[in-house]
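Report on the structure given below.
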Amino acid sequence: MPEKIRFFPVELTYRIENDRAVIHIFGRTEKNEQICVIDDNFEPYFYVVPKKGKDVQEKLEKIRVEREKEISAVTRTETIQKKFLGRDVEAIKVYTRLPRDVPIIRETIKEWDIIESANEYDIQFRIRYLIDKNITPLTLTEAEGDFVSQRSRVPVFKAVNVKQYSDDSLEKPRVLAFDIETYSPAGKVIAPDKNPIIMLSFYGENFEKVITWKRFKTSLPYIEFVDSEAELLDAFKNVINHYKPDILAGYFSDEFDMPYIRTRADKYKIKLDIGLDYSELKVKHGKAVVSDITGITHLDLFKFVVKTMGGTFDIEAYSLNNIASELIGEKKMEVNLDELSPVWDKNPEQLEKFCRYNLHDSALAFRLCEKLLPNMTELVKIIGLPLYDINRMGFSQLVESYLLKQAPNFNEIAPEKPHNEAIKQRRMQTYKGAFVFEPKPGLYRDIAVFDYRSLYPSIISSHNIDPGMLNCSCCKGEAKLTPIEDEEKEKYWFCIKRKGFIPTIIEDLITRRMRIKEILKEKKSPLLSAREYSLKLLANSFYGYLGFFAARWYSIECARAVTAWGRHYIQDVISKAQKAGFNVIYSDTDSVFLALEKKTKKDAEQFVEKINLELPGLMELEYEGLYPNGIFVSAKAGEAGAKKKYAMLSEEGTLKIRGFEMVRRNWSPIAKDVQEKVLNIILRENNKEKALNYVREVIKDLKEKKIPMDKVVIHTQLQKETGDYAAIGPHVAIAKKLKEKGLEIGAGFMIKYVVTKGKEKIRDRAKLPEDVKEGGYDADYYIENQVIPAVERIFNVLGYTKEDLGWGEGQKKLGKFF
DNA sequence: GGCTCCCGGGG
DNA sequence: GTGTACGGGAGCC
């Protein structure tokens with residue numbers, strides 16, 4: 001008699017056992033125990049769409065391909081009525097024995113001239129399983145079968161039937177956060193192959209631990225001493241095995257902690273078999289590095305923050321410190337990490353504070369995970385992919401995964417991913433973007449900002465913008481033409497009789513979100529606001545997706561139509577604002593900035609209300625806020641317009657800075673300092689004279705060599721061996737000289753240099769800081785190439801000349817504003 | 001004006 | 001592995 005169990009799937013994979021693909025679903029039962037449910041009843045397949053009147057089926061069934069002594073063959077085929085971009089097609093569902101046969105078979109038929117296309121041959125087998133079985137990870141699922149005996153860290157249940165049971169979801173997955181500290185002398189680059197891990201910390205529910213392999217006196221109960229790095233790595237495994245987390249969370253752990261741990265374990269030939277099936281921690285080096293443990297979801301919170309949440313907050317860098325302060329209001333512990341290695345070598349009695357620092361980072365990762373998990377979980381529930389995947393996906397992938405999940409409900413076959421040629425073609429195509437009302441560069445006071453809520457999604461829905469609805473023969477001459485202004489482009493339309501696949505889906509997302517917002521007005525719920533946010537995120541990503549060259553449902557006509565209608569609607573607000581007597585100073589895509597001047601905040605709010613009364617159902621203009629001070633600058637020196645480059649001071653006193661590209665580490669500290677200081681003086685103190693004098697002072701100090709050397713040191717890392725460079729930049733020139741001196745200089749080394757005076761190329765004037773005596777730097781270089789570019793756009797709008805800055809005649813030309 | 005190289009995060 | 005996913009700025013060539 002088969003047994004029934006219920007569980008929350010967390011992660012899944014597949015293995016080949018006895019020549020069959022077996023899905024392994026890892027999860028937690030209702031009784032809160034970890035489990036692995038296996039299912040060998042799912043066949044790999046893909047679709048073939050034959051050309052009209054061609055008999056393809058028989059030929060398909062005869063395929064046999066030999067690769068590396070393995071035979072790939074089609075096991076059976078089915079003819080099936082499907083839709084492709086809204087059109088009815090007769091497709092063949094082609095089954096194979098193993099998942100890996102799918103791409104092989106597709107490869108052998110791709111040149112056949114009797115087929116229209118092959119489709120859905122590149123959907124991962126585990127994802128195909130979730131889609132076809134309609135199983136959503138983290139959501140209560142029922143399996144029918146029996147427990148079997150199999151080598152595994154958790155009980156294994158062999159299922160004959162697996163199906164979604166209810167909408168209940170795993171409330172509290174078990175989370176363990178971790179972080180490592182490594183031996184890393186000051187100024188030296190991080191080198192996993194050379195330098196050991198010296199500390200490792202974990203933070204979980206009622207659990208904190210720091211493991212280190214140098215002993216010192218401490219009363220901290222969570223510190224555990226071991227005798228070597230190899231023992232520390234063993235402890236890493238043991239802690240995970242005993243804690244039994246569903247989720248192992250880190251910050252930048254995909255690309256730092258995990259690869260580091262992997263490299264160190266390999267050095268000692270330690271098996272990192274922490275997978276629930278005893279498989280090893282896998283670090284995969286692709287374009288981005290990802291680290292994967294079978295059965296345990298490894299989350300890299302950095303990736304989620306950067307890829308998905310990024311746009312929502314206003315920070316200059318995605319460091320753990322910034323993100324933690326922004327999201328959970330906590331900072332990292334202040335510690336000078338340059339001291340860690342010397343202390344480790346010479347003063348181990350001082351290691352305790354580094355242990356606390358190490359634990360605190362894990363604690364931050366843990367709380368960040370708690371904070372972000374509702375957002376990720378909601379995306380899991382909406383899109384239907386495991387957490388692991390959601391964590392690492394960008395917007396386009398989220399949209400595409402959602403469409404792939406929805407396609408069967410509409411009986412749609414997914415289009416192929418574009419291949420090389422198509423991508424090249426698509427990349428060359430351009431279209432007109434959003435409308436930008438170019439501001440007159442300058443300083444403004446009392447700026448009221450409005451924006452359309454979900455402008456593009458509501459356009460896609462209300463204008464039925466969909467690749468399959470384009471230029472239908474049924475509505476020719478009847479449907480409204482897309483309002484593209486470009487005369488050379490042919491006008492086109494979208495069907496008004498049928499609703500497209502994408503508009504249907506997006507409308508569903510918008511209305512679901514609206515319902516949630518209604519509930520949220522009544523009472524707060526973190527869960528619902530996470531869902532609301534996820535729905536918004538997803539809906540907002542469709543437009544970009546339609547114009548993304550690598551998208552399956554790519555359609556430049558659709559993308560072009562969205563921006564065309566967008567321009568139409570924003571221009572409408574602008575003209576109405578002007579008619580109402582407002583001074584429109586700036587507008588971009590879906591937002592309008594008004595300088596209030598003689599009008600009041602109340603006038604602005606009333607204006608928005610009035611606009612909203614006239615807007616069709618889904619569309620809404622929002623009052624974003626009032627900014628007492630703002631500066632709008634031109635994009636490049638001398639250029640008139642200024643797209644997306646402004647800084648404003650909010651009523652709450654925070655600076656909102658847009659478009660001033662981050663001055664990064666390969667800039668000198670003096671350039672960073674000056675940019676930040678100038679914006680602050682102008683917006684907070686409202687004193688351009690003071691800002692001017694400040695820069696003038698800095699320029700003077702540079703010329704008089706009063707700015708200390710450490711403010712002009714530029715850091716650049718060598719990315720490859722010195723001999724491998726085609727172009728010799730300043731840092732490469734330095735590296736070559738160092739090498740000639742017999743120093744060990746290779747890829748990864750951090751080069752610090754100072755540019756000195758001379759007429760040669762910059763690379764010939766770049767010197768090591770220690771080879772330049774105090775004041776030996778080239779003041780002109782730092783003024784012209786560092787300080788001035790950092791503030792040029794700002795002073796641009798203030799209209800000062802170079803004489804005003806004390807950088808007068810007879811000097812090298814600096815651009816007309818100085 | 002193209003092409004090449006670097007940055008991010010982490011210690 | 002039912003494969004190939006950044007995007008923008010500076011300096012050399």
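Residue numbers begin at 1 in each chain, while the letters A, B, ... track the order of the sequences. Values in this document were obtained by computation on a predicted structure and should not be read as measured data.
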Nucleotide nearest [X] (side chain, heavy atoms from C-beta), chosen from [options]:
| X | options | result |
| --- | --- | --- |
| A/Tyr357 | C/dG1, B/dG11, C/dC13 | B/dG11 |
| A/Lys761 | B/dG10, C/dC13, B/dG11 | C/dC13 |
| A/Ser319 | B/dG11, C/dC12, B/dG10 | B/dG10 |
| A/Phe256 | B/dG10, B/dG9, B/dT4 | B/dG10 |
| A/Ala727 | B/dG11, B/dC6, C/dC12 | C/dC12 |
| A/Pro730 | B/dC6, C/dG1, C/dG11 | C/dG11 |
| A/Tyr725 | C/dA10, B/dG10, B/dC5 | B/dC5 |

Partners meeting side-chain contact (heavy atoms from CB on, under 4.5 Å) with [X] (sequence neighbours left out):
| X | result |
| --- | --- |
| A/Pro342 | A/Lys346 |
| A/Ser291 | A/Asp254, A/Met258, A/Pro259, A/Leu281, A/Val283, A/His298 |
| A/Ile16 | A/Tyr14, A/Ala21, A/Leu98, A/Pro99 |

Looking for any heavy atom pair under 4.0 Å, which part of the strands does [X] touch: base, sugar-phosphate only, or nothing?
| X | result |
| --- | --- |
| A/Tyr183 | nothing |
| A/Tyr781 | sugar-phosphate |
| A/Pro99 | base |
| A/Arg106 | nothing |
| A/Glu181 | sugar-phosphate |

With a cut-off of less than 4.0 Å, is there a side-chain N or O of [X] near OP1 or OP2 of [N]?
| X | N | answer |
| --- | --- | --- |
| A/Tyr260 | B/dG9 | no |
| A/Arg763 | C/dC13 | yes |
| A/His731 | B/dC6 | yes |

Q. Quick one: CD1 on A/Ile127 to CG on A/Leu404, what's the gap to the nearest 0.5 Å?
A.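 If we round to the nearest 0.5 Å, A/Ile127:CD1 and A/Leu404:CG are 9.5 Å apart.
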Q: Identify, with sequence neighbours excluded, every residue that meets side chain to side chain donor-acceptor pair (under 3.5 Å) alongside A/Arg76.
A: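 Checked A/Arg76 against side chain to side chain donor-acceptor pair (under 3.5 Å); matches are A/Glu43, A/Glu78.
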Between side-chain atoms of residues 753-761 of chain A and protein atoms elsewhere (two or more places apart, or another chain), which donor-acceptor pairs fall under 3.5 Å?
{"residue": "A/Thr756", "atom": "OG1", "partner": "A/Arg765", "partner atom": "O", "Å": "2.8"}
{"residue": "A/Lys757", "atom": "NZ", "partner": "A/Asp778", "partner atom": "OD1", "Å": "3.4"}

(Q) Rounding to an integer number of angstrom, what distance separates C/dG9 and C/dA5 when you compare their P atoms? (A)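 About 23 Å, rounded to a whole number of Å.
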Could you list all N or O pairs between the protein and nucleotides 4-6 of chain C that sit under 3.5 Å apart?
{"residue": "C/dT4", "atom": "OP1", "partner": "A/Lys417", "partner atom": "NZ", "Å": "2.6"}
{"residue": "C/dT4", "atom": "OP2", "partner": "A/Lys417", "partner atom": "NZ", "Å": "3.3"}
{"residue": "C/dA5", "atom": "N7", "partner": "A/Gln397", "partner atom": "NE2", "Å": "2.7"}
{"residue": "C/dA5", "atom": "N6", "partner": "A/Gln397", "partner atom": "NE2", "Å": "2.9"}

(Q) Please confirm whether the ring centroid of A/Tyr777 lies under 6.0 Å from the ring centroid of A/Tyr781. (A)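 They do not qualify: ring centres at least 6.0 Å apart.
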**Q.** A/Thr182 (side chain) and B/dG11 (base): donor-acceptor pair under 3.5 Å
**A.**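 A donor-acceptor contact between them is absent.
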